[in-house]
Amino acid sequence: VSVEGPKGKLGLEMPRLTTARVEDGKVMVERAGDSSQAKAMHGLGRSLVNNLVKGVSEGYVKKLEIHGVGFKASMKGRDQLTLSVGYSHDVVLKIPAGVEVKVGGAKSELLSVSGIDKQAVGEMAAVIRASRKPEPYQGKGVRYKGEYIFRKEGKKK
C-alpha cells in the first residue's frame, strides 16, 4: 500500500492474511478467512493503513517536558539532540530521517517530536524519554507532556 498526501509519501506491506483495495475513494482492508489470526491481522492492517493516511495528511506530534535543576536540551544542526540531564556527560542522540525535533521554552525544557511516520515519531520520543526517565521521589527527568508521575514520600525521621 502506498499513500501520498500534502506532507509526504509513505508505503507499507500489508500483513499476511490481509489485502487492501481502493473503493469509492476509501481503502478497504479484507481478510482471508475467519480464523482468530486472520481477524487479528485484519485489525492490524486496518490500523496501519489508517496511520499512513493520517500521517501524510496531518502528521504526528509528541511533546516532552524536561524537569530538573540544570536539565536542558539543545540542537546541534538538524540531526543531533544534546541533552544535559544530570549525568557527568551530555547525552547526544542522532535524529533519524523523517523525524523533526524542536527545542522550545524559556529554559529549553520543552521538546516537540514531529513527523509523518507514527512509529518513528513514537520511537524517537521514547528514546528521548529513556535518556532520563522521571523518578518518583523528586520528579526529575524527561516525561511526556501531561504524563502523571506517581510521587513517593521520602525517608521518615
Heavy-atom closest pair, residues Leu83 and Ala73: CD2-CB, 3.5 Å

Same cluster or not: are Leu12 and Ile116 linked, directly or through other Ile, Leu, Val, Met, Phe, Trp or Tyr residues, by side-chain heavy atoms under 4.5 angstrom apart? yes

For Val61 against Ser114, the heavy-atom pair lying closest together: CG2-CB, 3.9 Å

Shortest non-hydrogen contact from Met75 to Ile95? CE-CD1, 3.4 Å

Which pair of heavy atoms, one from Gly33 and one from Ala38, lies closest together, and at what distance? O-CB, 3.9 Å

Hydrophobic cluster membership, Leu10 vs Val113, 4.5 Å side-chain cutoff: no

What distance do Thr82 atom OG1 and Lys72 atom NZ have between them, rounded to the nearest 0.5 Å? 10.5 Å

Exceeds 12 heavy-atom contacts within 6.0 angstrom, atom CD of Glu123: no

State plainly whether one hydrophobic cluster holds both Tyr87 and Phe71, where clusters connect Ile, Leu, Val, Met, Phe, Trp and Tyr through side-chain heavy atoms under 4.5 angstrom apart. yes

Residue pair Ser74, Val103: steps toward the side chain to side chain contact (heavy atoms under 4.5 Å, CB included) verdict: CA-CA 6 Å; Ser74 62; Val103 178; 5.8 Å; no

Smallest separation among heavy atoms of Val142 and Ser131, with atom names: CG2-OG, 4.3 Å

What residues join Tyr148 in its hydrophobic cluster, counting side-chain heavy atom gaps under 4.5 Å, either direct or through other members? Phe150

Hey, what do you get for CZ (Arg132) to OG (Ser84), rounding to the nearest 0.5 Å? 11.5 Å

Does the side chain of Glu4 come within less than 4.5 Å of Val56's, by heavy atoms? no

Starting from Val121, can I reach Leu81 by hopping between I/L/V/M/F/W/Y residues whose side chains sit under 4.5 Å apart? yes

Tyr60 six-ring face occupied by Lys54 cation (under 6.0 Å, within 45°): no

Check whether Leu17 and Leu44 end up in the same hydrophobic cluster, where Ile, Leu, Val, Met, Phe, Trp and Tyr are linked by side-chain heavy atoms less than 4.5 Å apart. no

The side-chain contact (heavy atoms from CB on, under 4.5 Å) partners of Ala32 (sequence neighbours excluded) come to none

Please walk me through it: do Lys62 and Ile128 pass side chain to side chain contact (heavy atoms under 4.5 Å, CB included)? CA-CA 11 Å; Lys62 291 252 186 190; Ile128 293 171; over 6 Å; no

Output, in order, the C-alpha distance, side-chain angles, deciding distance and verdict of side chain to side chain contact (heavy atoms under 4.5 Å, CB included) for Leu111 and Lys63. CA-CA 6 Å; Leu111 294 169; Lys63 295 186 184 282; over 6 Å; no

Are the side chain of Arg129 and the backbone N or O of Arg143 linked by a donor-acceptor pair below 3.5 Å? no

A side-chain contact here means heavy atoms from C-beta on lying under 4.5 Å apart; do Met124 and Pro96 qualify? yes

Measuring from Met41:CE to Leu48:CG, what's the distance to the nearest 0.5 Å? 9.5 Å

Does the pair Met14 and Thr19 meet the rule for a side chain to side chain contact (heavy atoms under 4.5 Å, CB included), with working shown? CA-CA 7 Å; Met14 290 298 290; Thr19 57; over 6 Å; no

Distance in Å, Ile66 CD1 paired with Leu110 CG, rounded so as to fall on 0.5 Å steps: 8.5 Å

Other residues, nucleotides, ligands: >12 heavy atoms within 6.0 Å of Glu23 CD: yes

Test: ring-ring contact (aromatic ring centres under 6.0 Å, His included). Region: residues 36-58. Which pairs qualify, not counting sequence neighbours? none

Heavy-atom nearest pair, Tyr144 first then Glu65, reads O-OE1, 4.4 Å

Quick check on Glu135: does its CD atom have over 12 non-hydrogen neighbours (other residues, nucleotides or ligands) under 6.0 Å away? yes

